[in-house]
**Q** 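Submitted below is the structure of interest, expressed as C-alpha cells.
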Amino acid sequence: METPTMRQRFEEYIFGLQEEIITSFETLDPNAPKFKRDSWLRAHQGGKGVSGVFFAPPPTDASPGPQTVLEKAGVNISVVHGMLPPAAIKEMRADHSSIPYDEKTSLPFFAAGISLVIHPRNPHAPTVHANYRYFEISEKAVEGEGTAGKIVAWWFGGGSDLTPSYLYDEDARHFHRTLQNACNQHGSELYPVFKKWCDEYFYIVHRQETRGIGGLFFDDLSTEKHARLSEDVERPRSSEEIFDFIKAVGNSFVPSYLPILERRMSMPSTDQHRRWQLLRRGRYVEFNLVYDRGTKFGLKTPSARIESILMSLPETARWEYMTDMGTDLESEEGRLIAVLKQPIDWAGLEK
C-alpha cells in the first residue's frame, strides 16, 4: 500500500475540518436551515470542491424576517490543479527560488484549501474569517511517461481573524489566546510574528484602519528560508512539522470562536446597533474587493467560480456619507475605531 502524499493528506484533513465546523454551527442553532452542501467540478482544468453555504431566505410577505443565529456563512473547500503561466511563476519565485523560470514555460500546480467567513445576525456577535491552504508546483512531466513531474516547490499558508462591530475585551482575549496556545506548541515566535502580519495585511489603506481586531496571517511556510521568521529559533521546518502546525491552528477555530458566538448571539440590540453593524460590514466589503489578494486573484482567474469567490461578502451592508457614528471616542462605536487605528496585544492584555 502506497504512503499517502501530502496532497492527499491535506485534502482529507480539510474535508474533515469543514464537516466539523459546519456541524458545530448546525448544532448551535438546530432550528435554522441546514448549510447547503454544493459539490462542484472545475471546468476546463482539473479540480473539485464543496461549498458549504448558509443563508435564510427573506419572507415573501410582511411577516417577520428569519431569527437564525447566522445571517450568512460559507465554509468552502477547493482542490484544483492545472498549469501556472510564466507571469505567475515569476511572481512566486520571489519567495520560492527553486521554481524554474524561462519566461515561456508554464508549470503544473496543485492548490487545496478551506476558506470560511461567518456573518452572525446579532450586531454584538463578531464576523470571523479563516483560511488554510497548501500549494505545490511541479516540473513538467516528460511526454510518454505516466508519472507526474518532480515537485519543485511547496508551501502552506493561512490564518484566522475576528471582525467585531462592538468590542468586548474578553472576546478579543479569548480569540487571540486560543490562537496563541495553538501556535506555541510549535514555537514561541510564530504567534507574535503572524499576529503582526495579520494586522498589516488586513489594513484598509483609504480608511487608515484595520478591518478587524486581527488574529493570524501567514504564507510561504516551507523548508526554505522565510522572510519573517528567524533562522535560529524553534519553528516548524519540515513538511510534517508544518502540516502539524496547520492542523493545530485549524483545529483551534471552533474553540476560538464558538464560545464568543454563544455569548453574544442572543444579546438585546437596537436599530442603532444594527446600523453600526451594517456600516462596519461596508468596510468589510471595501477591504475584500479592493485589497484582498485571494479575491483579486480569483476574479482574474479564467473559469473561476465567482459564487465561491464572493461568498465572503455579507448579505447586507451600508454606506453613509460622512457618517457621525464612531466619531465620539467615548461611545461604544468610537472605542472600536480607536482599536482599529492602533492594534492591541490582546493575548498579553490583562483582565
**Q** Does some side-chain heavy atom of P120 sit less than 4.5 Å from a side-chain heavy atom of L261?
**A** yes
**Q** With L216 as reference, evaluate C183, C198, S252 under the side chain to side chain contact (heavy atoms under 4.5 Å, CB included) test and give the passing residue.
**A** C183
**Q** Is a donor from one side chain sitting under 3.5 angstrom from an acceptor on the other, for Y257 and D171?
**A** no
**Q** Any chain of hydrophobic side-chain contacts (each under 4.5 Å) joining F55 to L313?
**A**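 No; tracing contacts between hydrophobic side chains, which count when under 4.5 Å, never links both residues.
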**Q** Are L162 and Y284 joined in one hydrophobic group, where the rule is that I, L, V, M, F, W and Y side chains link up if heavy atoms are under 4.5 Å apart?
**A**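 No; tracing contacts between hydrophobic side chains, which count when under 4.5 Å, never links both residues.
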**Q** Which residues pass the salt bridge (Lys or Arg N to Asp or Glu O under 4.0 Å) test with D324, not counting sequence neighbours?
**A**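 Partners of D324 by the salt bridge (Lys or Arg N to Asp or Glu O under 4.0 Å) criterion, ordered by chain and then number, come out as R275.
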**Q** State which residues pass side-chain hydrogen bond (donor to acceptor under 3.5 Å, both in side chains) with E231; sequence neighbours excluded, sorted by chain then number.
**A**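 Testing E231 for side-chain hydrogen bond (donor to acceptor under 3.5 Å, both in side chains), a comparison that skips the adjacent residues, returns R235.
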**Q** Run E91 and R93 through salt bridge (Lys or Arg N to Asp or Glu O under 4.0 Å) and show every step you take.
**A** CA-CA 6 Å; E91 188 174 328; R93 273 179 54 84; over 6 Å; no
**Q** Can I204 be reached from V290 by stepping across I, L, V, M, F, W or Y side chains whose heavy atoms are under 4.5 Å apart?
**A** yes
**Q** Indicate the atoms forming the closest heavy-atom contact of M311 with G74, along with that distance.
**A**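 The answer is SD-CA, 3.4 Å.
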**Q** What residues, two or more places apart in sequence or in another chain, satisfy ring pair (Phe, Tyr, Trp, His ring centres under 6.0 Å) together with F54?
**A** F35
**Q** Are M267 and L70 in one and the same hydrophobic cluster, where Ile, Leu, Val, Met, Phe, Trp and Tyr link if side-chain heavy atoms are under 4.5 Å apart?
**A** yes
**Q** Check whether the side chains of D292 and Y201 place a donor and an acceptor atom closer than 3.5 Å, and report yes or no.
**A**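 Distance-only check passes for D292 and Y201.
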**Q** Parallel, tilted or perpendicular: which fits the ring planes of Y134 and F10, with parallel below 30° and perpendicular above 60°?
**A**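 Y134 and F10: tilted rings.
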**Q** Among H129, R281, E315, Q277, which residue satisfies the side chain to side chain contact (heavy atoms under 4.5 Å, CB included) criterion with H119?
**A**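 With H119 as partner, H129, R281, E315, Q277 yield a single side chain to side chain contact (heavy atoms under 4.5 Å, CB included), made by R281.
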**Q** When the ring planes of W197 and F217 are compared, do they come out parallel, tilted or perpendicular, using 30° and 60° as the limits?
**A** perpendicular
**Q** Does a side-chain heavy-atom distance below 4.5 Å link P314 with T127?
**A** no
**Q** Can you get from I344 to L167 by hopping between Ile, Leu, Val, Met, Phe, Trp and Tyr side chains that sit under 4.5 Å apart?
**A**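 They do share one cluster, since a chain of ILVMFWY contacts under 4.5 Å joins I344 to L167.
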**Q** Do R133 side-chain atoms and I114 backbone N/O form a donor-acceptor pair below 3.5 Å?
**A** no
**Q** If you define the side chain from C-beta out and look only at heavy atoms, does anything of T163 sit under 4.5 Å from D161?
**A** yes
**Q** Going through the distances and angles, do L28 and M265 end up as a side-chain contact (heavy atoms from CB on, under 4.5 Å)?
**A** CA-CA 10 Å; L28 183 66; M265 66 187 192; 3.9 Å; yes
**Q** For F135, enumerate each residue passing the ring pair (Phe, Tyr, Trp, His ring centres under 6.0 Å) test, keeping only those at least two apart in sequence or located in another chain.
**A**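 Applying ring pair (Phe, Tyr, Trp, His ring centres under 6.0 Å) to F135 gives F109, W155.
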**Q** Taking side chain as C-beta onward, heavy atoms only, is L190 less than 4.5 Å from V249?
**A** no
**Q** What residues, two or more places apart in sequence or in another chain, satisfy side chain to side chain contact (heavy atoms under 4.5 Å, CB included) together with T223?
**A** W154
**Q** Ring centroids only, cut at 6.0 angstrom: are H124 and Y166 within range, meaning strictly under it?
**A** yes
**Q** Parallel, tilted or perpendicular: which one describes the rings of F156 and F243, with boundaries at 30° and 60°?
**A** parallel
**Q** Please tell me if the side chains of M6 and R9 come closer than 4.5 Å, counting only heavy atoms from C-beta onward.
**A** yes
**Q** List the residues meeting salt bridge (Lys or Arg N to Asp or Glu O under 4.0 Å) with E26, not counting sequence neighbours, and say none if there are none.
**A**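 If we apply the salt bridge (Lys or Arg N to Asp or Glu O under 4.0 Å) test to E26, skipping adjacent residues, the hits are R37.
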